[in-house]
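A short worksheet on the structure shown next.
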Amino acid sequence: MNVKNYLLILILFVTIIACNTGGTNADSIEAVEATEQATDQHKAVVKEILQTPVYSYLFVEEHNKSYWVACTRQEFFVDQTVYFMTGLAMENFNSKELNRTFDLVYFLNEVTFEKGEEHMHTHAAPKGMVKEAVKAEIKVDRAEGGITLEDLYSNPQNYKGKIVKIKGQVVKYNEAIMGKNWVHIQDGTGSGNDFDLTITTQNSVNVGDVVTFSGTIFLDKDFGAGYIYKVIMEDSELLTEL
């Protein structure tokens with residue numbers, strides 16, 4: 001075999017090896033992507049359980065890492081395996097029921113007990129974050145120069161991005177979540193499921209107070225982890241009526 005033919009064979013051999021290697025790398029990338037997609041659901045083992053009247057706080061271990069998660073209260077047991085998608089991360093979250101501040105806790109949208117299970121799950125979020133309103137027997141007069149909840153919900157696009165004034169009775173209140181206080185008010189107006197407004201503010205109120213707030217209306221506000229408000233009033237100020 002002369003040198004020219006030897007070089008041609010050598011080049012062909014190297015090319016074949018390179019092509020095969022390239023194919024293997026591509027397959028590996030696809031395999032990794034498929035694995036990542038398949039493992040979007042976390043699998044963890046419960047190591048500690050703290051129960052409150054509303055929530056279950058679980059200290060879980062996953063791949064030698066431990067952290068806190070929370071979900072709507074239900075029965076768990078130590079060393080139980082649970083599955084869940086990534087939740088809403090809350091730093092320095094204070095639980096008044098437990099008289100404890102968590103450096104970091106993930107509030108989960110669902111918890112399942114079998115991989116890929118879709119039906120046996122619980123929904124959770126810090127109080128005030130998810131709208132689970134019950135219409136109360138309330139009748140509050142419209143604030144002077146303000147609007148009612150019926151006005152707002154009948155034409156929300158008309159108020160998008162605008163500062164409005166709304167008067168109502170506080171039906172739910174939670175402090176210091178994501179650096180804000182969360183207020184739910186009703187005024188007796190509205191229909192269907194549109195009778196309760198969530199307001200974020202730095203002001204403090206009490207359940208049962210009749211209050212007037214001025215704030216900016218936002219539509220479809222997404223706080224992540226599936227917590228989307230169709231209508232919410234943000235950057236709100238509590239007004240003092242004479």
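Heavy atoms only: backbone and side chains are in, while hydrogens, waters and symmetry mates are out. Sequential numbering from 1 along the given sequence is applied to the chain's residues. Since this is a predicted model, take the numbers as computed values, not measurements.
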Counting C-beta onward and ignoring hydrogens, is there a side-chain heavy-atom pair between [X] and [Y] closer than 4.5 Å?
| X | Y | result |
| --- | --- | --- |
| Phe213 | Val205 | yes |
| Leu238 | Thr212 | no |
| Ser204 | Asn181 | yes |
| Leu104 | Met90 | no |
| Val82 | Phe113 | yes |
| Leu98 | Tyr57 | yes |
| Glu75 | Phe77 | no |
| Lys165 | Leu239 | yes |

- Go through the steps to decide whether Gln41 and Thr112 satisfy the test side chain to side chain contact (heavy atoms under 4.5 Å, CB included), and finish with yes or no. CA-CA 10 Å; Gln41 189 179 49; Thr112 62; 3.5 Å; yes
For [X] and [Y], test the side chains for any donor-to-acceptor distance below 3.5 angstrom and give the result as yes or no.
| X | Y | answer |
| --- | --- | --- |
| Gln51 | Ser56 | yes |
| Glu234 | Thr200 | yes |
| Asn94 | Thr101 | yes |

Is [Y] reachable from [X] through a run of hydrophobic residues whose side-chain heavy atoms are each under 4.5 Å from the next?
| X | Y | answer |
| --- | --- | --- |
| Ile49 | Val45 | no |
| Phe195 | Val210 | no |
| Val140 | Ile166 | no |
| Leu108 | Met85 | no |
| Leu219 | Val164 | yes |

So, the side chain of [X] versus the backbone of [Y]: is there a donor-acceptor pair under 3.5 Å, distance only?
| X | Y | answer |
| --- | --- | --- |
| Arg142 | Lys167 | no |
| Asp194 | Ser191 | no |
| Gln169 | Val211 | no |
| Asn99 | Lys96 | no |

Can you tell me how far the [atom1] atom of [X] sits from the [atom2] atom of [Y], to the nearest 0.5 Å?
| X | Y | atom1 | atom2 | answer |
| --- | --- | --- | --- | --- |
| Lys180 | Thr201 | NZ | OG1 | 10.5 Å |
| Tyr153 | Asn193 | OH | CG | 10.0 Å |
| His42 | Lys65 | NE2 | NZ | 10.5 Å |
| Met233 | Lys221 | CE | NZ | 13.0 Å |
| Asp235 | Ile199 | CG | CD1 | 12.0 Å |
| Phe84 | Cys71 | CZ | SG | 9.5 Å |

Over all heavy atoms of both residues, which pair between [X] and [Y] is shortest? Give the atoms and the distance, please.
| X | Y | result |
| --- | --- | --- |
| Tyr173 | Asn203 | OH-O, 3.9 Å |
| Gly215 | Ser236 | CA-OG, 3.8 Å |
| Ala89 | Tyr106 | CB-CE2, 3.6 Å |
| Ser154 | Pro156 | C-CD, 3.8 Å |

- Please report the C-alpha distance between Glu48 and Val78 in whole Å, then the side-chain angles of each, then the deciding distance to 0.1 Å, and finally whether the side chain to side chain contact (heavy atoms under 4.5 Å, CB included) criterion is met. CA-CA 6 Å; Glu48 184 180 348; Val78 173; over 6 Å; no
- Hey, which of Val231, Asp196, Leu197 is the one that makes side chain to side chain contact (heavy atoms under 4.5 Å, CB included) with Leu149? Leu197
- Message: Among Ile163, Ile232, Asn158, Leu152, exactly one meets side chain to side chain contact (heavy atoms under 4.5 Å, CB included) together with Ile217. Which residue is that?
- Response: Leu152
- Task: Test side chain to side chain contact (heavy atoms under 4.5 Å, CB included) on Tyr67 and Glu62 and set out the steps.
- Result: CA-CA 8 Å; Tyr67 53 92; Glu62 178 185 17; 2.5 Å; yes
- Message: Under the criterion side chain to side chain contact (heavy atoms under 4.5 Å, CB included), I'd like the reasoning laid out for Phe93 against Phe107: C-alpha separation, chi angles, the key distance, then a yes or no.
- Response: CA-CA 11 Å; Phe93 178 78; Phe107 281 87; 3.5 Å; yes
- Query: Does a side-chain N-to-carboxylate-O contact under 4.0 Å join Lys139 and Asp187?
  - Reply: no
If you count heavy atoms of other groups shown closer than 6.0 angstrom to [atom1] of [X], is the number above 12?
| X | atom1 | value |
| --- | --- | --- |
| Glu61 | CD | yes |
| Lys47 | NZ | yes |
| Asp141 | CG | no |

